[in-house]
Trainee: 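The following block contains the structure, expressed as C-alpha coordinates.
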Amino acid sequence: LGVATNDRWADPAACAALSVGQWIEALAEVPRGPQKAGVVKLLAAWWVSEFGDNPAPVWSRGLEHYRSGLRAIRGIGPETADRLLLWAAD
(Lines give C-alpha, C1' and ligand atoms only; values in the text may rest on other atoms or scores of the structure.)
Protein backbone atom coordinates (compact mmCIF):
# COMPACT_ATOMS: atom_id res chain seq x y z
CA LEU A 1 0.00 0.00 0.00
CA GLY A 2 2.69 2.48 0.84
CA VAL A 3 0.30 4.10 3.32
CA ALA A 4 2.91 4.52 6.03
CA THR A 5 5.44 6.37 3.90
CA ASN A 6 6.08 10.00 4.72
CA ASP A 7 4.80 11.09 1.30
CA ARG A 8 1.47 9.39 1.87
CA TRP A 9 0.93 10.80 5.39
CA ALA A 10 1.66 14.30 4.07
CA ASP A 11 -1.34 14.07 1.73
CA PRO A 12 -4.52 14.56 3.78
CA ALA A 13 -6.86 13.96 0.85
CA ALA A 14 -5.17 10.65 0.08
CA CYS A 15 -5.51 9.63 3.72
CA ALA A 16 -9.21 10.54 3.69
CA ALA A 17 -9.70 8.56 0.47
CA LEU A 18 -8.37 5.31 1.95
CA SER A 19 -10.99 2.72 2.78
CA VAL A 20 -11.44 1.49 6.35
CA GLY A 21 -9.96 -1.82 5.18
CA GLN A 22 -6.83 -0.04 3.98
CA TRP A 23 -6.58 1.77 7.30
CA ILE A 24 -6.96 -1.53 9.16
CA GLU A 25 -4.06 -2.91 7.15
CA ALA A 26 -1.95 0.23 7.64
CA LEU A 27 -2.57 0.25 11.41
CA ALA A 28 -2.14 -3.49 11.93
CA GLU A 29 1.06 -3.07 13.96
CA VAL A 30 -0.27 -0.22 16.11
CA PRO A 31 -1.83 -1.25 19.43
CA ARG A 32 -5.62 -1.00 18.98
CA GLY A 33 -4.93 0.49 15.53
CA PRO A 34 -7.28 -1.77 13.58
CA GLN A 35 -10.12 -0.96 15.98
CA LYS A 36 -9.53 2.76 15.42
CA ALA A 37 -9.33 2.59 11.61
CA GLY A 38 -12.80 4.08 11.16
CA VAL A 39 -12.00 6.94 13.53
CA VAL A 40 -8.75 7.69 11.69
CA LYS A 41 -10.60 7.78 8.37
CA LEU A 42 -13.18 10.19 9.82
CA LEU A 43 -10.40 12.31 11.31
CA ALA A 44 -8.73 12.57 7.91
CA ALA A 45 -12.05 13.57 6.33
CA TRP A 46 -12.52 16.24 9.04
CA TRP A 47 -9.01 17.57 8.32
CA VAL A 48 -9.76 17.86 4.60
CA SER A 49 -13.07 19.63 5.31
CA GLU A 50 -11.31 22.13 7.61
CA PHE A 51 -7.99 22.66 5.84
CA GLY A 52 -8.23 21.10 2.41
CA ASP A 53 -5.17 19.17 1.35
CA ASN A 54 -2.78 21.33 3.39
CA PRO A 55 -0.73 19.21 5.81
CA ALA A 56 0.52 22.32 7.67
CA PRO A 57 -2.38 24.79 7.74
CA VAL A 58 -2.87 28.04 9.56
CA TRP A 59 -5.27 27.45 12.46
CA SER A 60 -7.25 30.65 12.01
CA ARG A 61 -10.45 29.76 13.84
CA GLY A 62 -10.88 29.63 17.57
CA LEU A 63 -9.85 26.65 19.63
CA GLU A 64 -13.45 25.83 20.50
CA HIS A 65 -14.35 25.53 16.81
CA TYR A 66 -11.71 22.86 16.26
CA ARG A 67 -12.41 21.12 19.57
CA SER A 68 -16.13 20.83 18.82
CA GLY A 69 -15.39 19.58 15.30
CA LEU A 70 -13.10 16.88 16.63
CA ARG A 71 -15.55 15.96 19.39
CA ALA A 72 -18.26 15.47 16.77
CA ILE A 73 -16.26 12.53 15.38
CA ARG A 74 -17.52 9.33 16.95
CA GLY A 75 -14.63 7.78 18.85
CA ILE A 76 -12.86 11.02 19.75
CA GLY A 77 -13.42 12.08 23.33
CA PRO A 78 -12.49 15.33 25.08
CA GLU A 79 -9.00 14.19 26.09
CA THR A 80 -8.17 12.86 22.63
CA ALA A 81 -9.47 16.05 21.00
CA ASP A 82 -7.30 18.19 23.27
CA ARG A 83 -4.23 16.00 22.67
CA LEU A 84 -4.75 16.19 18.92
CA LEU A 85 -5.05 19.96 19.12
CA LEU A 86 -1.89 20.25 21.21
CA TRP A 87 0.02 18.05 18.76
CA ALA A 88 -1.37 19.28 15.44
CA ALA A 89 -1.81 22.98 16.16
CA ASP A 90 1.66 23.36 17.66
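Here the structure is a predicted model, which is why all the values come from computation and not from measurement.
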Trainee: What's the spacing between D53 CG and D11 CG if we round to 0.5 Å?
Mentor: 4.5 Å
Trainee: What pairs with R32 under side chain to side chain contact (heavy atoms under 4.5 Å, CB included), at least two apart in sequence or on another chain?
Mentor: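 Side chain to side chain contact (heavy atoms under 4.5 Å, CB included) list for R32, sorted by chain: Q35, K36.
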Trainee: Mind jotting down which residue pairs meet the side chain to side chain donor-acceptor pair (under 3.5 Å) criterion with at least one end in residues 42-51? Sequence neighbours excluded, please.
Mentor: E50-H65
Trainee: Kindly compute the distance separating CG (L27) from CD (E25), expressed to the nearest 0.5 Å.
Mentor: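 L27 CG to E25 CD: 10.0 Å, rounded to 0.5 Å.
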Trainee: Mind checking side chain to side chain contact (heavy atoms under 4.5 Å, CB included) for I76 and listing every partner two or more places apart, or none if nothing turns up?
Mentor: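 I76 satisfies side chain to side chain contact (heavy atoms under 4.5 Å, CB included) with V39, L43, L70, I73, T80, A81, L84 once adjacent residues are dropped.
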Trainee: Can you name the side chain to side chain donor-acceptor pair (under 3.5 Å) partners of S19, sequence neighbours left out?
Mentor: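 Result, side chain to side chain donor-acceptor pair (under 3.5 Å) vs S19: Q22.
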Trainee: State which residues pass side chain to side chain contact (heavy atoms under 4.5 Å, CB included) with S68; sequence neighbours excluded, sorted by chain then number.
Mentor: none
Trainee: Under 3.5 Å, side chain of K41 to main-chain N/O of A16, donor-acceptor pair present?
Mentor: yes
Trainee: Spell out, yes or no, whether V30 and V40 are grouped together once hydrophobic residues are joined by side-chain heavy atoms under 4.5 Å, including indirect joins.
Mentor: yes
Trainee: Cluster question for you: counting only ILVMFWY and a side-chain heavy-atom cut-off of under 4.5 Å, with indirect links fine, are V48 and Y66 together?
Mentor: no
Trainee: Please name all residues satisfying salt bridge (charged side-chain N to carboxylate O under 4.0 Å, His left out) with E64, sequence neighbours left out, ordered by chain then number.
Mentor: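 E64: salt bridge (charged side-chain N to carboxylate O under 4.0 Å, His left out) contacts with R67.
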Trainee: Any idea which heavy atoms bring A28 and P34 closest together, and the distance?
Mentor: CA-CG, 3.9 Å
Trainee: Identify the two heavy atoms, one from P12 and one from G52, that lie closest to each other, and give their separation to 0.1 Å.
Mentor: CB-O, 4.1 Å
